[in-house]
Enquirer: 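One structure, pasted below without further comment.
For clarity, every value in this text was computed on a predicted model and none was experimentally measured.
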Amino acid sequence: MRDVITRIVETVIQHGHHNDRIYVMKLSARDMPNIVHRLYDLAVKNSYSKILVKAPSFAKDAFLKAGYAVEAYVPGFFHGCIDGYFMAKYIDGTRAVERKKSIVEGVLSAARLITRKNRGPSLKDGFTFHVAGPEDAKELAGLYGRVFSTYPFPINDADYILKTMKNNVRYFCVRANGRIVGASSAEMDRGSGNVEMTDFATSERYQGYGISAYLLHRMEENMAMEGMKLAYTIARATSYPINRIFSRAGYSYGGRLTNNTNICGAYESMNVWFKHINKCHST
């Protein structure tokens with residue numbers, strides 16, 4: 001049931017029946033406009049109910065004409081200067097219906113009321129932070145397997161973690177009593193100058209200790225040093241804690257991806273949050 005990451009000519013996509021969708025992760029300008037029709041044909045062939053595209057501004061109109069709608073907008077998403085759009089087309093209209101509207105709206109309203117802290121978060125005594133290496137892959141996979149019953153990517157597989165570590169993904173850990181109790185990852189798109197802050201997980205016993213907030217703070221420092229211009233996340237819209245963390249860290253709300261991702265056994269709507277962490281340099 002795992003979705004696969006592949007290419008249509010030069011465009012990178014993830015697709016499969018686990019998430020029942022096509023997700024265009026990196027759209028190539030050279031594939032426009034034919035890619036629009038090829039995505040639809042692939043969705044129909046496999047009976048997928050949704051197509052989601054991360055589209056630069058130059059591609060927006062072509063997807064709008066093909067019946068896509070903008071679900072989230074991130075100014076300066078590419079290189080810190082070129083706007084980005086998360087655009088969706090629903091092959092099955094029932095998937096476009098938000099079934100938890102009052103919950104997701106309540107979570108968002110509450111999160112946006114959070115004021116940014118003047119000081120960065122800190123770890124309590126007895127906790128340590130480090131950037132993960134290959135030797136941590138098995139323990140990381142174990143933590144993710146315990147926290148998430150299902151997930152859009154196989155992060156409960158140590159081999160997958162090792163592979164992504166070699167491919168522009170950096171993992172971060174917090175330990176207590178010698179064990180990894182909190183983790184996250186930064187998925188860098190060096191060609192576009194943006195980074196997805198993702199895969200936050202904390203052992204049940206250690207929730208409420210501010211581990212994810214601290215991880216995000218250290219990730220931002222690390223990614224700014226790597227030259228990333230913009231950091232963003234795609235967070236579960238029903239989870240007040242994770243939305244609160246990004247709002248408090250100064251991230252802006254960009255929009256919601258409806259019934260987008262299979263997490264913990266059900267399709268979840270996801271909120272997009274973003275923050276500029278380095279200045280734009282025209283390309």
Side-chain angles (χ1 to χ4, degrees), residues 1-43 46 48-60 62-63 66 68 70-74 76-80 82-91 151-155 157 160-161 163-171 184-199 223 228-235 254-263 267-268 270-274:
M1 285 291 288
R2 286 180 180 170
D3 294 352
V4 297
I5 296 175
T6 186
R7 290 178 183 266
I8 298 178
V9 193
E10 295 182 17
T11 293
V12 180
I13 69 168
Q14 181 205 38
H15 73 103
H17 290 287
H18 179 68
N19 290 289
D20 188 23
R21 68 170 191 203
I22 301 170
Y23 176 27
V24 177
M25 303 169 69
K26 194 171 182 66
L27 179 68
S28 172
R30 294 190 181 119
D31 294 338
M32 293 294 295
N34 292 337
I35 190 68
V36 179
H37 307 293
R38 296 190 67 170
L39 291 169
Y40 180 77
D41 291 343
L42 180 62
N46 290 281
Y48 297 142
S49 59
K50 181 175 183 176
I51 308 171
L52 179 72
V53 180
K54 281 195 294 194
S57 53
F58 69 77
K60 178 185 175 187
F63 283 101
Y68 285 70
V70 175
E71 291 198 315
Y73 164 63
V74 180
F77 187 79
F78 300 95
H79 312 289
I82 301 170
D83 294 346
Y85 301 85
F86 287 77
M87 305 187 71
K89 183 178 181 69
Y90 292 88
I91 313 302
Y151 203 72
F153 295 91
I155 56 174
D157 182 340
Y160 173 82
I161 290 175
K163 179 181 178 181
T164 55
M165 280 181 175
K166 300 174 183 177
N167 193 27
N168 287 329
V169 179
R170 190 163 298 167
Y171 291 85
S184 60
S185 78
E187 185 173 343
M188 292 173 277
D189 183 343
R190 295 185 184 275
S192 297
N194 60 48
V195 55
E196 183 176 0
M197 309 300 222
T198 188
D199 300 337
M223 291 298 104
M228 297 295 106
K229 302 294 188 295
L230 180 132
Y232 73 100
T233 196
I234 303 175
R256 181 176 301 119
L257 315 179
T258 303
N259 295 323
N260 190 70
T261 308
N262 185 344
I263 297 180
Y267 293 126
E268 295 266 0
M270 311 293 285
N271 287 338
V272 176
W273 295 87
F274 65 91

Enquirer: Closest approach of Glu10 and Arg7, non-hydrogen atoms and distance?
Expert: O-NH1, 3.2 Å
Enquirer: If the threshold is 4.0 Å, N to carboxylate O, is there a salt bridge linking Lys26 and Asp189?
Expert: yes
Enquirer: Would Asp3 and Arg21 count as a salt bridge (charged side-chain N to carboxylate O under 4.0 Å, His left out) here? Give the steps.
Expert: CA-CA 9 Å; Asp3 294 352; Arg21 68 170 191 203; 5.3 Å; no
Enquirer: Which atom pair, heavy atoms only, marks the closest approach of Ala55 to Phe63?
Expert: CB-CD1, 4.5 Å
Enquirer: Tell me the closest heavy-atom pair linking Pro56 and Phe78, and the distance in Å.
Expert: CA-CE1, 3.4 Å
Enquirer: When you look at Phe274 and Tyr232, which way does the ring pair (Phe, Tyr, Trp, His ring centres under 6.0 Å) test go after all the steps?
Expert: CA-CA 4 Å; Phe274 65 91; Tyr232 73 100; 9.4 Å; no
Enquirer: Step by step, would you call His15 with Tyr23 a side-chain hydrogen bond (donor to acceptor under 3.5 Å, both in side chains)?
Expert: CA-CA 6 Å; His15 73 103; Tyr23 176 27; over 6 Å; no
Enquirer: Please check if the side chain of Asn262 supplies one atom and the backbone of Tyr267 the other of a donor-acceptor pair under 3.5 Å.
Expert: no
Enquirer: Considering non-hydrogen atoms only, spot the tightest contact between Ile51 and Leu39 and give its length.
Expert: CD1-O, 3.8 Å
Enquirer: Is the ring pair Tyr160/Phe153 parallel, tilted or perpendicular, if the boundaries are 30 and 60 degrees?
Expert: parallel
Enquirer: Can you give me the closest heavy-atom contact between Val12 and Ile5, atom names plus distance?
Expert: CG1-CG2, 3.9 Å
Enquirer: Is the side chain of Lys50 donor-acceptor paired with the backbone N or O of Thr258 at a distance under 3.5 Å, no angle test?
Expert: yes
Enquirer: Within the distance-only criterion (no hydrogens, no angle test), does the side chain of Asn260 pair as donor or acceptor with the backbone N or O of Met270 below 3.5 angstrom?
Expert: no
Enquirer: So, Ser28 side chain and Arg30 main chain: donor-acceptor pair closer than 3.5 Å or not?
Expert: yes
Enquirer: Charged N to carboxylate O under 4.0 angstrom, Glu71 versus Lys89?
Expert: no
Enquirer: Just do the side chain to side chain contact (heavy atoms under 4.5 Å, CB included) check on Tyr90 and Ser49 with the steps written out, would you?
Expert: CA-CA 6 Å; Tyr90 292 88; Ser49 59; over 6 Å; no
Enquirer: With side chain to side chain contact (heavy atoms under 4.5 Å, CB included) as the test, would you mind laying out the steps for Met25 and Ile13 before giving the verdict?
Expert: CA-CA 5 Å; Met25 303 169 69; Ile13 69 168; over 6 Å; no
Enquirer: Does this structure show an ion pair linking Asp31 with Arg38, if we count only N-O contacts that are shorter than 4.0 Å?
Expert: no
Enquirer: Quick check: does any side chain N or O of Asp199 sit under 3.5 Å from a backbone N or O of Ser185, one acting as donor and the other as acceptor?
Expert: no
